[in-house]
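By convention in this document, chain letters (A, B, ...) are assigned in the order of the sequence lines, proteins followed by strands, and residues within each chain are numbered from 1. All of these numbers come straight from a predicted model, not from anything done at the bench.
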Amino acid sequence: MYKAPRGMSDILPPEQPLWKYVKEKAASVCDLYGYQPLNTPVIEDAGLFTHAVAGGTDIVDKEMYIFKDRGGQELALRPEGTAPVCRAYLEHGLFNLPQPVKLYYIGASFRYERPQAGRYRQHHQFGFEAIGDASPFLDAEIIEMAQRFLLSLGLRDFSIHLNSIGCRTCRPGYVSALKRYYASFEGELCPDCKARLERNPLRLLDCKKRHCQEIAEAAPRTTAFLCPDCLAHFESLQECLNILKTPFLLNHRLVRGLDYYTRTVFEVQPQEETSQGALGGGGRYDDLIEALGAKPTAGVGFAAGIERLISNLREQQVNVPPSPHITVFLASLGAEARKESLKLASVLRGAEIATMESAGNKSLKSQLKQANARGSSYTVILGEEEMKSRTAMLRDMKSGEQRLVPLSQVVATLRQTRALERGQSPGDT
RNA sequence: GUGAGUGUAGCCCAGUGGUUAAGGCGCCAGGUUGUGGCCCUGGAGAUCGUGGGUUCAAAUCCCAUCACUCACCCCA
């Protein structure tokens, strides 16, 4: 039998309400802040990621789905969302709009890696980006927005970690200081860290091994090496967050996986220390658009993993409000009633009443059982007796009460009850 | 890419060398000539992940392989 590809999964109907809930909250927070939706293709020119974005990081070096199409074009399944958004910003001349341009996206990302808890080959990200302005006020807006989004979902146990990793002026000084510091500990480092010392020194800071953590704790801090502009930016951002009353933790060991970050980096961590890592993260990427071959343009953004959000919603037992829908099930007995049921179903649907029909000639018992299993509010029973008198038996599935209604009155009666029930329990969505 | 654990029906799982692989959920039917949710009865549904080996005999032991899960690397 065929199975879904490794690390990729089907999202079955019972899970859909939760997905819908998260997507709706995402869209509504974006509306609130004036961020507009943008869809980009799942596939991009591979170069967008390999050259411009993050050469030297694992995510493009060894985790990218990359292939040639029939025309020989090198394409890639997108491993992240920011670069495609920047590509679209440039391709469509969005730099001609008033800056910054505020956009959001919800879509699949792909990484070729061994799946485990909270980590998949296909996962879904919700992200928002403000492009075209370097003000720290925007960093603050993005972070507050991320927080508001998570709170609106009902999540509580998370914290926002914040750091600044400087810019291309001040970071090289920091990196060499870091290397100098680590040189004296080289013998004590774990094998992974020894490799990191060469390949990606910043990553030394977030090693999980206890001894390496002790060394990292005492290491030089990025913030001590920031150039005056970066320092001013970072201080201004913190001031803004304090004004916004958005709590954050300064974490001098926070660095992020993508190379394009400059200055601000932040991550949302669940309170429970899990190995599956961050709920989401983001930062400023003032060099990215220049790397794509355009004039230098600042940007800042955030992205969250929907699967991880959902798993945290489940852990924190946040209950999703069920969509209050009233549905009707049509049960019929006999050939004539079956045809009448077909006709009635069409009329009900025409009246915007959600309706399901029994497919075959099953017993009434079986049909009611099905109506019950599908959670119908009402069952309309059409039998031989009803056919003779041109009536229908309307059964309230909750109370079990039923009454005989002229066939011509079925729609009107159901509409009435629906209006009544909606009035009694106003929807909260 | 590395390491560990696990593969028995749609789902949860019992069964550690010996008849026909047990149970629960779910599904279908009956108990009610046209009445769901509870209860009772019955039924369908499993090449025991796959291939090979050991043995008179393998779901059970061995080897390989695949898949899943968890962890590392890394990340959402």
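Listed nucleotides: rC28(B), rA71(B), rA76(B). Nearest to the side chain of K362(A): rC28(B). Checked against rG3(B), rA67(B), rA76(B), the side chain of E113(A) finds its nearest nucleotide in rA76(B).
When the nearest nucleotides of RNA chain B are assigned to I306(A) and G7(A) by heavy-atom distance, the more 5′-ward of the two goes with G7(A).
The environment of Y65(A) atom OH is dense: over 12 non-hydrogen atoms of other residues, nucleotides or ligands sit within 6.0 angstrom.
Judged by centroid separation below 5.5 Å and plane tilt below 30°, H123(A) stacks onto the base of rA76(B).
Contact of R6(A) with rC66(B) (side chain to base): no donor-acceptor pair of N or O atoms is detected under 3.5 Å.
In this structure, CD on E315(A) lies 10.0 Å from CG on L155(A), to the nearest 0.5 angstrom.
Across all strands shown, G127(A) has no heavy atoms under 4.0 Å from either base or sugar-phosphate atoms.
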**OP:** Starting at the 5' end of nucleotides 32-47 of chain B, put B wherever the base has a protein heavy atom under 4.0 Å, S where only the sugar-phosphate does, and a dash everywhere else.
**Re:** --BBBB----------
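A search for salt bridge (charged side-chain N to carboxylate O under 4.0 Å, His left out) contacts involving E44(A) returns R87(A), not counting sequence neighbours.
Rounded to whole Å, atom P of rC68(B) lies 11 Å from atom CE of M8(A). In this structure, D192(A) atom CG and rC75(B) atom C1' are separated by 15 Å, rounded to whole Å.
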